[in-house]
Amino acid sequence: MHTHFMDKLRNYDVSFSGLKNGKHVFKFEIDQSFFQLFDTEQEFTNPKIVADVFLEKHTTFLEFEIKVDGTVELICDLTNEEFDHPIENEIGILVHFGEEYDDSNEDVITIPASDHAFNVAQLIYENVQLSIPMKKVSPNVSDEDLEILNRFSPKDIEEPEEEEHESDPRWEALRKLKDNN
């Protein structure tokens with residue numbers, strides 16, 4: 001990774017090595033430049049978000065609670081108008097120390113014992129992502145319009161099923177009948 005990127009990411013480091021055990025609070029302003037650190041398809045327009053990171057430091061592990069609060073501009077799927085969508089979410093995570101970085105467990109992240117800081121950028125990002133609805137609908141859209149949208153949009157987006165005429169034994173039987181006549 002280029003160093004410029006790393007420097008920017010480092011703005012979201014929570015340095016815990018010098019902290020006493022107990023509770024600490026860190027505040028991060030989340031704006032457009034934050035989302036540019038992530039390779040994201042999603043457009044985050046005009047985000048005005050504050051991330052509060054609560055750290056409770058214990059001797060052998062760290063307890064993080066990350067709250068995001070604010071708004072982001074979304075484009076309505078129906079009307080294409082922009083609207084402010086509230087961003088509000090929180091996640092908690094435990095950070096343990098071990099041999100190497102491991103985030104395969106959802107609620108516990110292991111970081112090397114030699115680390116002095118924990119980077120919360122990814123967690124803040126996921127937190128914001130969780131607040132963004134799959135269907136983006138402006139609050140100005142009426143319930144009737146929503147009804148129509150729901151009627152015409154696939155309930156679950158799934159791959160269309162392949163037509164199974166070929167392998168279906170009933171079709172085979174019919175085909176045989178046809179051929180014999």
Side-chain angles (χ1 to χ4, degrees), residues 1-77 82-137 139 154-159:
M1 283 188 206
H2 40 291
T3 50
H4 180 59
F5 173 79
M6 290 308 284
D7 288 345
K8 281 205 149 146
L9 208 54
R10 208 158 278 141
N11 296 337
Y12 304 95
D13 271 355
V14 169
S15 177
F16 53 78
S17 60
L19 300 177
K20 296 188 178 73
N21 283 0
K23 295 187 172 168
H24 308 271
V25 184
F26 303 83
K27 243 188 191 1
F28 299 95
E29 299 279 330
I30 303 300
D31 57 15
Q32 199 66 56
S33 62
F34 173 78
F35 292 104
Q36 283 155 2
L37 296 173
F38 293 89
D39 203 10
T40 171
E41 294 292 295
Q42 187 144 31
E43 284 297 311
F44 289 94
T45 318
N46 200 6
K48 300 188 179 83
I49 301 169
V50 175
D52 288 309
V53 177
F54 301 93
L55 161 62
E56 186 157 356
K57 186 180 179 188
H58 303 268
T59 311
T60 53
F61 69 98
L62 310 168
E63 214 173 332
F64 280 94
E65 193 180 325
I66 297 171
K67 285 186 178 168
V68 289
D69 204 353
T71 58
V72 64
E73 221 167 77
L74 298 179
I75 306 282
C76 177
D77 290 340
E82 296 176 345
F83 67 98
D84 273 344
H85 179 76
I87 295 291
E88 201 181 346
N89 204 32
E90 60 181 273
I91 42 181
I93 195 111
L94 294 180
V95 175
H96 285 223
F97 299 100
E99 293 292 303
E100 55 191 30
Y101 185 86
D102 176 14
D103 61 1
S104 54
N105 179 333
E106 225 168 82
D107 307 311
V108 181
I109 292 178
T110 303
I111 62 173
S114 56
D115 277 13
H116 300 297
F118 178 67
N119 190 286
V120 290
Q122 182 67 37
L123 291 171
I124 292 174
Y125 176 70
E126 283 169 17
N127 221 349
V128 172
Q129 281 283 48
L130 291 170
S131 300
I132 307 259
M134 285 298 286
K135 272 192 190 138
K136 304 176 189 63
V137 180
K155 283 282 171 276
D156 303 299
I157 297 166
E158 283 172 9
E159 290 300 301

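To the nearest 0.5 angstrom, Glu73 atom CD is 5.0 Å from Asn46 atom CG. The CG atom of Leu37 sits 10.5 Å away from atom CD of Gln122, with the distance rounded to the nearest 0.5 Å. Taking CG from Asp69 and CD from Glu90, the interatomic distance works out to 10.0 Å, rounded to the nearest 0.5 Å. Phe83 contributes atom CZ, which lies 11.5 Å from atom OG1 of Thr71 (distance to the nearest 0.5 angstrom). Atom CG of Leu9 is separated from atom CG of Asn119 by 4.5 Å, given to the nearest 0.5 angstrom. Atom CD1 in Ile124 sits 12.5 Å away from atom CG in Asn89 (nearest 0.5 Å).
Of all heavy-atom pairs spanning Asp107 and Ile93, the tightest one is O-CG1, 3.5 Å. Taking every heavy atom of both residues into account, Tyr12 and Ile30 meet most closely at CE2-CD1, 4.0 Å. Taking both residues in full, the closest heavy atoms of His85 and Ser131 are given as NE2-O, 2.9 Å, listed atom of the first, atom of the second, then distance. Between Ile91 and Leu123 the shortest heavy-atom distance is CD1-O, 3.5 Å. Of all the heavy atoms in Ala121 and Phe38, the pair that sits closest is O-CZ, 3.6 Å. Contact between Ala117 and Ser15 at its shortest, heavy atoms only, is CB-CA, 3.8 Å.
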Quiz prompt | Stepwise side chain to side chain contact (heavy atoms under 4.5 Å, CB included) test for Phe28 and Val14 | solution = CA-CA 10 Å; Phe28 299 95; Val14 169; 4.0 Å; yes
Self-check item: Stepwise side chain to side chain contact (heavy atoms under 4.5 Å, CB included) test for Ile109 and Phe118
Solution: CA-CA 10 Å; Ile109 292 178; Phe118 178 67; 3.9 Å; yes
Practice problem: Go through His58 and Asn21 one step at a time and tell me if the side chain to side chain contact (heavy atoms under 4.5 Å, CB included) criterion holds. | Solution: CA-CA 5 Å; His58 303 268; Asn21 283 0; 5.5 Å; no
Quiz item: Can Val72 and Val128 be said to form a side chain to side chain contact (heavy atoms under 4.5 Å, CB included), step by step?
Solution: CA-CA 9 Å; Val72 64; Val128 172; 5.7 Å; no
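Ser104 and Asp102 form a side-chain donor-acceptor contact under 3.5 Å, judged by distance and modelled atom types alone.
By the 6.0 Å contact criterion, CD on Glu88 is open, its count of non-hydrogen atoms from other residues, nucleotides or ligands being 12 or less.
Checking side-chain atoms of Asp77 against main-chain N and O of Lys136 turns up a donor-acceptor pair under 3.5 Å. No side-chain donor-acceptor contact under 3.5 Å links His24 to the backbone of Phe16.
Put simply, the side chain of Phe35 reaches to within 4.5 Å of the side chain of Ile49, judged on heavy atoms. Ile132 has its side chain within reach of Ile87: a pair of non-hydrogen atoms, C-beta onward, lies under 4.5 Å apart. Under the 4.5 Å side-chain criterion, counting only non-hydrogen atoms from C-beta, Phe97 is in contact with Ile111.
For residues 45-58, the salt bridge (charged side-chain N to carboxylate O under 4.0 Å, His left out) pairs, not counting sequence neighbours, are Lys27-Asp52.
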